[in-house]
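Step one of this worksheet: look at the structure below.
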Amino acid sequence: MADLMDNFARTPSNQPPPLVGHNTVAGDAALLDAVRAQTGDDAERIIQSLLPIGELAGTAEAREHGMLANSHEPIFRPVDRFGARVDEVDFHPSWHWMLEQGVGFGLTGAPWVSSEPMPHVRRAAAYIAWSAIEPGHGCPMTMTYAAVPALRADAALTAELTPGLSSATYDPGLRPIADKRGLLAGMGMTEKQGGSDVRTNTTVATPTADGTYRLTGHKWFTSAPMNDIFLVLAQAPGGLSCFVVPRVLPDGSRNTLHIVRLKDKLGNRSNASSELEFTGTHARRLGDEGAGVRTIIEMVAATRLDCVLGSSALMRRSLAEAIWHAEHRSAFGGLLVDKPAMRNVLADLAIESEAATALGLRLARAVEATDDPAQRALRRIGLPLAKFWICKRTSFHVAEALEVLGGNGYVEDSGLPMLFRESPLNSIWEGSGNVNALDVLRVLQRQPEGVDAWRDEVEAAGVPELHDAVTEVLKTIANIEDPAGAEYVARWLASRMAVLLQASLLVRQSPPEVSEAFLVSRVLGQHAGVFGTLPTGLDTAAIVTRANPKGE
């Protein structure tokens with residue numbers, strides 16, 4: 001018996017320690033180089049401001065809060081103990097802890113009102129460094145960030161709501177907007193019968209004598225139903241329009257916004273995604289009647305950016321976990337990280353992650369330049385390109401990283417199953433693959449300035465291989481003769497154009513070993529389509545060392 005107890009007491013051998021005690025900013029060379037590339041002379045100041053969020057994200061405390069919030073899912077309470085309708089959702093304390101930190105670090109609407117240099121790039125870097133501790137809580141922060149530009153369709157609503165949406169104070173609880181120190185926003189677009197085809201929405205908006213509206217209908221997916229306001233689409237007399245729906249009315253009474261149920265989702269378990277019913281629900285119009293899509297598209301564009309950033313964050317964390325495991329686990333006579341096959345896998349994952357980070361921050365810089373037509377054009381074409389490609393690559397990436405850990409990666413304690421279940425979400429949210437590929441096609445057919453901006457950005461690297469690839473893409477676009485043929489090749493175009501953007505950025509801002517590996521494998525096609533098939537002759541050891549989460 002003594003021998004048995006001694007066996008339980010011994011520290012396990014050949015098991016990696018938990019990946020904690022690292023700074024997810026300082027230890028991410030790819031993120032640091034992307035920040036430097038996009039912020040120039042302000043880079044070091046911005047990096048210093050990011051170090052606190054990176055330090056907290058790498059703690060055991062943050063890791064534990066992420067696991068707890070994911071394990072203890074929100075609970076829907078339709079009525080109180082007396083039977084009165086309350087439509088409330090209770091969240092685990094760890095959910096509130098994470099949101100308090102994220103809002104405090106300025107991950108909601110702060111960049112839109114900031115006077116600091118490059119606030120959107122700073123936020124983008126912070127989002128990558130922070131959100132992967134538990135991705136579900138990123139949803140309300142994303143929607144709050146994205147609501148601010150959409151509100152600009154109405155000066156009065158902008159003045160009333162932007163201070164709360166850009167606040168660094170997390171103030172949960174259902175109270176009138178005027179009584180809160182900070183606000184969170186949500187969005188309701190899709191309905192049962194239409195999904196992404198929002199023009200088929202059936203929710204009706206009836207105008208009243210005081211200039212407000214009453215909504216009757218439903219929304220099929222509305223995340224974070226405890227948020228303070230929601231931007232929703234409904235059919236007004238003048239056509240599909242956008243409305244601001246408060247959760248609580250100015251007099252303190254609850255708006256008639258009823259939660260039907262919470263969705264039982266594959267991942268994103270900490271976040272409450274709901275079905276809503278509107279029964280005479282109070283709403284204020286945002287923008288003109290009939291301009292609903294045009295108004296809310298600003299919110300959609302900003303959420304697409306966060307889909308890219310969130311997927312980049314999932315890639316980075318899964319890569320970090322994989323490298324950490326391989327550097328501490330021995331098999332077949334040596335450390336896994338020293339085995340050529342494993343080093344190929346890790347290096348391949350690393351360049352995919354770095355390319356995603358580089359493109360995400362480049363698009364964040366395009367958001368900064370609101371008065372620059374070329375930057376607006378790049379943002380217009382770059383967001384659907386990046387969302388299509390990066391979000392779709394994430395599931396493959398996380399799965400391969402999980403496999404590096406073997407059976408250890410398949411158990412919940414590793415944190416990888418949480419990341420894997422999350423990995424398909426951003427490819428679905430705010431338009432699935434075909435929606436974004438067809439949006440790219442729409443730019444190609446209607447907005448030549450978007451094609452020009454993409455071409456100029458790719459060719460800024462001055463690499464002959466990229467010039468030849470751009471010529472190939474432009475020839476394909478020119479040879480499309482009919483709408484059906486255009487749709488047929490839309491996914492190929494989106495994929496190829498996104499990869500070329502990534503390649504150009506890596507050539508200009510990353511070490512030669514990274515850009516060379518990406519060019520050879522992704523642009524020139526010396527890749528078998530699965531991770532770990534980089535061709536020989538590349539410095540995979542240097543690539544893996546660069547991606548070490550502790551910079552070791």
Separation between OG1 of Thr540 and CG of Leu346, rounded to the nearest 0.5 Å
9.5 Å

CG of Leu444 to CD1 of Ile480, rounded to nearest 0.5 Å, is 7.0 Å

Spatial distance of atom CZ (Arg316) from atom CG (Leu309) [nearest 0.5 Å]
15.5 Å

State the CG-CG distance between Leu519 and Leu466, to the nearest 0.5 angstrom.
5.5 Å

Is the side chain of Arg123 donor-acceptor paired with the backbone N or O of Leu107 at a distance under 3.5 Å, no angle test?
yes

Is it true that the side chains of Ser504 and Arg508 contain a donor and an acceptor less than 3.5 Å apart?
yes

Does Ser114 use its side chain to pair, donor to acceptor, with the backbone of Ala110 at less than 3.5 Å?
no

Are the side chain of Thr533 and the backbone of Ala528 linked by a donor-acceptor contact shorter than 3.5 Å?
yes

Decide, yes or no, whether a salt bridge links Glu449 with Arg376 under the criterion of side-chain N to carboxylate O below 4.0 Å.
no

Tell me whether the centres of the aromatic rings in Phe396 and Phe531 are closer together than 6.0 Å.
no

Can you tell me how far the NZ atom of Lys192 sits from the OG1 atom of Thr202, to the nearest 0.5 Å?
8.5 Å

Do the charged groups of Arg304 and Asp439 touch, with an N to O distance under 4.0 Å?
yes

Could you tell me whether Lys263 sits above the aromatic face of Phe221, with NZ or CZ closer than 6.0 angstrom to the six-membered ring centre and within 45 degrees of the axis?
yes

Under 3.5 Å side-chain donor-acceptor pair for Glu134 and Ser270:
yes

Shortest non-hydrogen contact from Ala356 toward Met315:
CB-SD, 4.0 Å

Sidechain N-carboxylate O distance under 4.0 Å for Glu352, Arg522
yes

With a 4.0 Å cut-off on N to O distance, would you call Arg379 and Asp372 a salt bridge?
no

Note: Arg362-Glu457 ion pair, threshold 4.0 Å (strictly below):
yes

Taking CZ in Phe420 as the centre, count heavy atoms belonging to other residues, nucleotides or ligands within less than 6.0 Å. Is the count above 12?
no

Suppose the criterion is ring-ring contact (aromatic ring centres under 6.0 Å, His included): which pairs have a residue in residues 138-157, not counting sequence neighbours?
Trp112-Tyr145, His120-Tyr145

